[in-house]
Amino acid sequence: MAGSSDTFLTGANAQYVAELYARFTENASQVDQSWADYFATMDDEEREILIDLRGASWAASASGVIGQFGSGGLMEIESERDAVAVEVPNAGYVTAGTVRPSVDVIRAATKDTIRALMLIRTYRVRGHLIANFDPLGLEGRTQHPELDYRTYGFTDADLDRPIFIDNVLGLETATMREILQILKETYCGSIGVEFMHIQEPDEKAWIQRRIEGIRNQTDFTIKGKRAILERLVESEGFEKYLDVKFKGTKRFGLDGGESVVPAIEQIIKRGGQMGVKSIVMGMAHRGRLNILASILRKPYMAIFAEFLGLSAMPEELEVSGDVKYHLGASADRVFDGQSIHLSLTANPSHLECVNPVVLGKVRAKQRQMGDDKREQVMGLLLHGDAAFAGQGLVPETLDMSQLRGYQTGGTIHIIINNQIGFTTHPSYSRSSPYPSDVAKMIQAPIFHINGDDPEAVVHVARIAMEFRQEFKKDVVIDMFCYRRHGHNEGDEPMFTNPIMYKTIANHPTTREIYARKLIEEGVLSEAASDKMVADFSAHLDKERAAADGYKPNKADWLEGKWAGLFVLEGAEELRDDDTSVEMDLLREVGHALSEPPALFHTNTKILRQMKAKRKMIDTQEGVDWALAEALAYGTLLIQGHGVRLSGQDSGRGTFSHRHSVLVDQENEERFIPLNNIRPGDQAHYEVIDSPLSEAGVLGFEYGHSLSDPHCLTIWEAQFGDFANGAQVIIDQFVSSGETKWLRMSGLVMLLPHGFEGQGPEHSSARLERYLQSSAEDNWQVVNVTTPAQFFHVLRRQLRRNLRKPLIVMSPKSLLRHKLVVSNLGEMGPGTRFRRVLPEHDRLVLDKKVKRVIVCSGKIYYDLLEERRAREINDVAIVRLEQLYPFPWKGLMQQLGRYPHAEVVWCQEEPANMGAWFFVAQRIETIVRDLNNDHLIVNYVGRRGAASPATGMHKRHVEEQKWIVEQALSGDLKKLVQPHQRPQY
Ligand SMILES: Cc1ncc(C[n+]2csc(CCOP(=O)(O)OP(=O)(O)O)c2C)c(N)n1
Ligand SMILES: [Mg+2]
């Protein structure tokens, strides 16, 4: 490396040469041949230096001025062939005067500059490798060959010789000793910065400017220092108090990572100054109680009450609740006269899965507040080091950060890097050097920081906040610290990590270290410092005393945007929500959907489809699935409800039925008919082709639904089975969030489902899993069979005064099935969603019906067609359109019509899947209550199977045929039922 720089350009003209090089890269003939030859022989590193030189100084300079030469004057280059005025400094490297330097002149000038610049650049890139950010100092990272000046050809004799460095580091010349001092202070102190991976020159230059000028430190005022100490006294004091008063109780203490509290305070404060009005936070177990108290100002007495075993929720609410270190909270805090709303999102144990939920909430709030620039609402995520490196939801969420359908203007991430995950050492838990490395995928700047230097932590927090506001991008603070106790307080860390824990035992607390520093600086006396600790402890004593009688007085869940919504009371089935729409409005929306946009090159096939839609509206007949869905959205939009639909390829629709977004065939411009029903006088329809993620995107949409109850938020799986990649979001949030945390969600999940011979992964949406998780009116699971039913069930989500998630087994082949159509009138006045659909055809008298088949979803049409083909008229078919909450009354009514009929449950799913296990006993209870002739419910469907469907189409067809045949006319006595013992 040193050798190559010998042949390279020199000194004062570095920028001039850099500019020439830029021209050379544009077009080699723009520069003299001698230069062209020279550039052609440069190695990669030399090239990078030139590009860097140009980037950094050119970015900051205006118009034609391309580089400044300190006291020596100004160098201007208008064009390579025009007059070039170069006033060079008197540093002894280049002759003074107006010259046009040649290759030879440049070469003859100093070789030191470029070597010094290479060293400087290497510190920017790799300085963090020897930075002092590990409070335990276990890694011994003090040297790195690339950060040694000798590597660049300098010797000790060069240490005090001035070197021209062209205003880099803010100095025209500096000795190697000075250069090293600046670099070490800036890049190798308590803070290690990784930013040279960023490809945006502005962002890179911003960070460089922000930290180099001040050597990456802030001089805090006495007031500022005292404020930092106070936060540490509180955060340490709280954990110590819990340790003493509730010995051995799990709290996942922050001990060792206390500096995160002043860091968050700084983010809020600086954020407030820069226009942030609301921060949505997400974090795991570690330090959560501390942050609930210190940042969200949850009363200490309330937390103590939870330690005493009292409920965090009002007793009259019969909910299952959650452990104290999962609970959310919100608060309004005032900084410098600015009020900022803070909310910490409730989350389950599953690490990192709250990330997309938080961002979905942020996005919804931005929309509600009209925060188009995304500068008023922000996400702040705290992570553990092991979880950030290990959990797939981290990159999934990062991936969404700059996508137009999901961006939230940048998230601040803080990793509480205590250098351990439970008992596992980082060397066993990640392949990358830092837990933060995954964030490089989105080119986020990363600040590694020593948690034992709280001033540096606060300084970095401030820069992170500023960077986010400036560039609206993610930024990561990786706070190195340690965990003073075991994973939880009852855990013995010496079993597994003895060296680390011996070191920790002898290590003073961050508060002690900082108090000592302030005492030495004369900021406060030792007595004053001790008094702070004692006063806080006395305060906690008072709070503890009050905790015995503490009662949470109200639940906060139906306030603000949720006002007017209620908790479900009584049986769900008895509710009758008006989801119908006036015919005029249906026609208006229908016409807007079927009107090809003017001056737009619409695809000819789409034009035909639009024409067909127009006919459906005008004749009021034959409305298909796609149109009914669009009518549901369109009518909601006109009634003031936003609609947001996201999923893979949702704009067009996986099965090419939706066509929500028209694409101009000439220029690919997009047109969204649903946003052009009554432009300016309707809510907004947002349809997004999502990244190829299930957990991340579903989590995001769930979060969105938490923040905006009046927007219909929908996530669509490409095929229903893929939703199992999002199982953690389904289990931990969608199905159980309300009962754990008192948080309602009206999220809709569309899960394409149906056995059509497409193999194991494209058949089943795993209905059984949703049914197994159904209880306590937690959500609704439907498998609707007509377009009008789909219309009503979607509209029902918002046209009523409570919110529950809606799980839809949505169709594939039925999208184009000739029987799957509705009349427009079925959506008009007087109509509603029907949980059970009765027999459709005219059969024999009910009493003469021999068999009644109960089914749900697509199999209905297979049965219906075959029954019609065979002209069977004594087998009735009843459809369960809603499986959960189970429509007891509706089904009883239908089964009551057929007192002498055998009862069959027919499904296309294997016996261990689908709804069988869920409906069997329920239907049996109904026929018993009715005292019908036949009290047994017979199963007709596929046999139990490990894989949901066959991969062989022929077999699928045979199976399907067999099911229909057996259901319609099979001898039930001969059918083996799933619960019967096999005959060996
Ligand atoms: C998805 C998931 N897997 C496993 C666990 C069990 N678990 C709880 S904490 C923990 C270690 C977390 O380490 P880290 O992320 O470094 O956080 P720390 O506890 O050190 O603050 C593990 C494995 C979990 N909660 N969630
Ligand atoms: Mg950890």
Side-chain angles (χ1 to χ4, degrees), residues 133-136 138-139 235 239 250-261 263-264 281-292 322-327 346-357 381-397 413-439 448-449 451 476-493 495-497 500-501 504 510 694-696 699 724-733 736 740:
F133 45 65
D134 176 8
L136 302 180
L138 293 173
E139 298 291 331
S235 53
E239 300 292 354
K250 271 193 205 175
R251 62 187 155 87
F252 300 106
L254 186 57
D255 322 58
E258 289 91 345
S259 286
V260 79
V261 172
I264 297 173
M281 293 174 59
M283 71 177 295
H285 51 288
R286 179 74 50 214
R288 191 175 177 107
L289 296 175
N290 206 316
I291 280 167
L292 278 168
D322 203 349
V323 291
K324 47 190 166 295
Y325 39 82
H326 287 167
L327 301 179
N347 68 219
S349 274
H350 292 54
L351 296 167
E352 303 293 342
C353 66
V354 79
N355 301 356
V357 177
L381 292 175
L382 273 66
H383 313 269
D385 51 320
F388 197 71
Q391 289 292 307
L393 261 166
V394 172
E396 281 195 33
T397 311
H413 301 268
I414 303 180
I415 303 172
I416 302 179
N417 183 355
N418 53 20
Q419 311 186 67
I420 195 161
F422 211 137
T423 66
T424 306
H425 187 266
S427 60
Y428 287 89
S429 84
R430 60 174 191 260
S431 295
S432 61
Y434 298 113
S436 52
D437 286 294
V438 62
H448 307 287
I449 166 79
V476 179
I477 298 171
D478 173 26
M479 192 185 85
F480 272 69
C481 53
Y482 57 91
R483 187 188 71 196
R484 183 160 292 276
H485 305 288
H487 176 62
N488 61 59
E489 291 63 30
D491 212 60
E492 173 54 88
F495 290 150
T496 49
N497 311 82
M500 186 186 219
Y501 275 82
I504 291 172
T510 308
E694 281 74 29
N724 62 12
Q727 202 62 46
V728 57
I729 303 292
I730 297 166
D731 291 347
Q732 267 56 48
F733 292 94
S736 57
K740 289 192 293 191

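All of these numbers come straight from a predicted model, not from anything done at the bench. By convention here, the first residue in the shown sequence is residue 1. For ligands, and for the atoms within them, numbers begin at 1 and follow the listed sequence.
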Between [X] and [Y], is any pair of side-chain heavy atoms under 4.5 Å apart?
| X | Y | value |
| --- | --- | --- |
| Val357 | Phe733 | yes |
| Phe133 | Ile449 | no |
| Ser736 | Asp731 | no |
| His285 | Leu351 | yes |
| His383 | Asn355 | yes |

Atom indices of ligand 1, in the order listed, that fall short of 4.0 Å to a heavy atom of [X]:
| X | value |
| --- | --- |
| Gln391 | 1 (C) |
| Arg286 | 18 (P), 19 (O), 21 (O) |
| His285 | 9 (S), 18 (P), 19 (O) |
| Ala386 | 13 (O), 14 (P), 15 (O), 16 (O) |

Would you check the N or O atoms of Phe388, main chain and side chain alike, for any that come under 3.5 Å of an N or O of ligand 1?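 No, since none of the N or O atoms of Phe388 sits under 3.5 Å from an N or O of ligand 1.
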With a 4.0 Å cut-off on heavy atoms, is [X] touching ligand 1?
| X | value |
| --- | --- |
| His383 | no |
| His350 | yes |
| Ile416 | no |
| Glu352 | no |

Tell me which protein heavy atom sits closest to [atom], plus the residue, atom name and distance to 0.1 Å.
| atom | result |
| --- | --- |
| atom 13 (O) of ligand 1 | Gly421 CA, 3.2 Å |
| atom 23 (C) of ligand 1 | Phe422 CD1, 4.2 Å |
| atom 16 (O) of ligand 1 | Asp385 OD1, 2.5 Å |
| atom 17 (O) of ligand 1 | Gly384 CA, 3.6 Å |
| atom 7 (N) of ligand 1 | Leu351 CD1, 4.1 Å |
| atom 15 (O) of ligand 1 | Ala387 N, 2.9 Å |

Per-atom contact, atom 10 (C) of ligand 1, protein heavy atoms, under 4.0 angstrom: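 Protein heavy atom within 4.0 Å of atom 10 (C) of ligand 1: present.
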Test item: protein heavy atom less than 4.0 Å from atom 4 (C) of ligand 1: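 No, there is none.
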For a quick check under 3.5 Å, do Gln419 and Asp134 share a side-chain donor-acceptor pair by atom type?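 On atom types as modelled, these side chains qualify, holding a pair under 3.5 Å.
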Any chance the side chains of Arg251 and Asn290 put a donor and an acceptor closer than 3.5 Å?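 There is no such pair between these side chains.
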Mutual orientation of the aromatic rings belonging to Phe480 and His448 [parallel < 30°, tilted 30-60°, perpendicular > 60°]: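 Judged by the thresholds at 30° and 60°, the geometry between Phe480 and His448 is perpendicular.
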Go through the structure and list residues passing side chain to side chain contact (heavy atoms under 4.5 Å, CB included) with Glu396, not counting sequence neighbours.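 Per chain and number, Glu396 pairs via side chain to side chain contact (heavy atoms under 4.5 Å, CB included) with Leu393, Ser693, Ala695.
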Output, by chain and residue number, all protein N/O/S atoms separated from the Mg ion (ligand 2) by less than 2.8 Å.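 The answer is Asp385 OD1, Asn418 OD1, Ile420 O.
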Quick one: which of Gly390, Ser349, Cys481, Pro435 has a heavy atom closest to atom 25 (N) of ligand 1?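 Considering heavy atoms of Gly390, Ser349, Cys481, Pro435, the nearest to atom 25 (N) of ligand 1 sits in Ser349.
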To the nearest 0.5 Å, how far apart are CG in Leu136 and OH in Tyr501?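 It comes to 9.0 Å.
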Rounded to the nearest 0.5 Å, what separates atom CZ in Arg286 from atom SG in Cys481?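 Taking CZ in Arg286 and SG in Cys481, the distance rounds to 9.0 Å.
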Note: Glu489-Lys250 ion pair, threshold 4.0 Å (strictly below):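 No, Glu489 and Lys250 are not salt-bridged.
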For a ring pair (Phe, Tyr, Trp, His ring centres under 6.0 Å) check, start with the C-alpha distance between His326 and His350, then their side-chain angles and the critical distance, and finish with the verdict. CA-CA 10 Å; His326 287 167; His350 292 54; 9.2 Å; no
Stepwise side-chain contact (heavy atoms from CB on, under 4.5 Å) check, Leu381 with Met281: CA-CA 6 Å; Leu381 292 175; Met281 293 174 59; over 6 Å; no
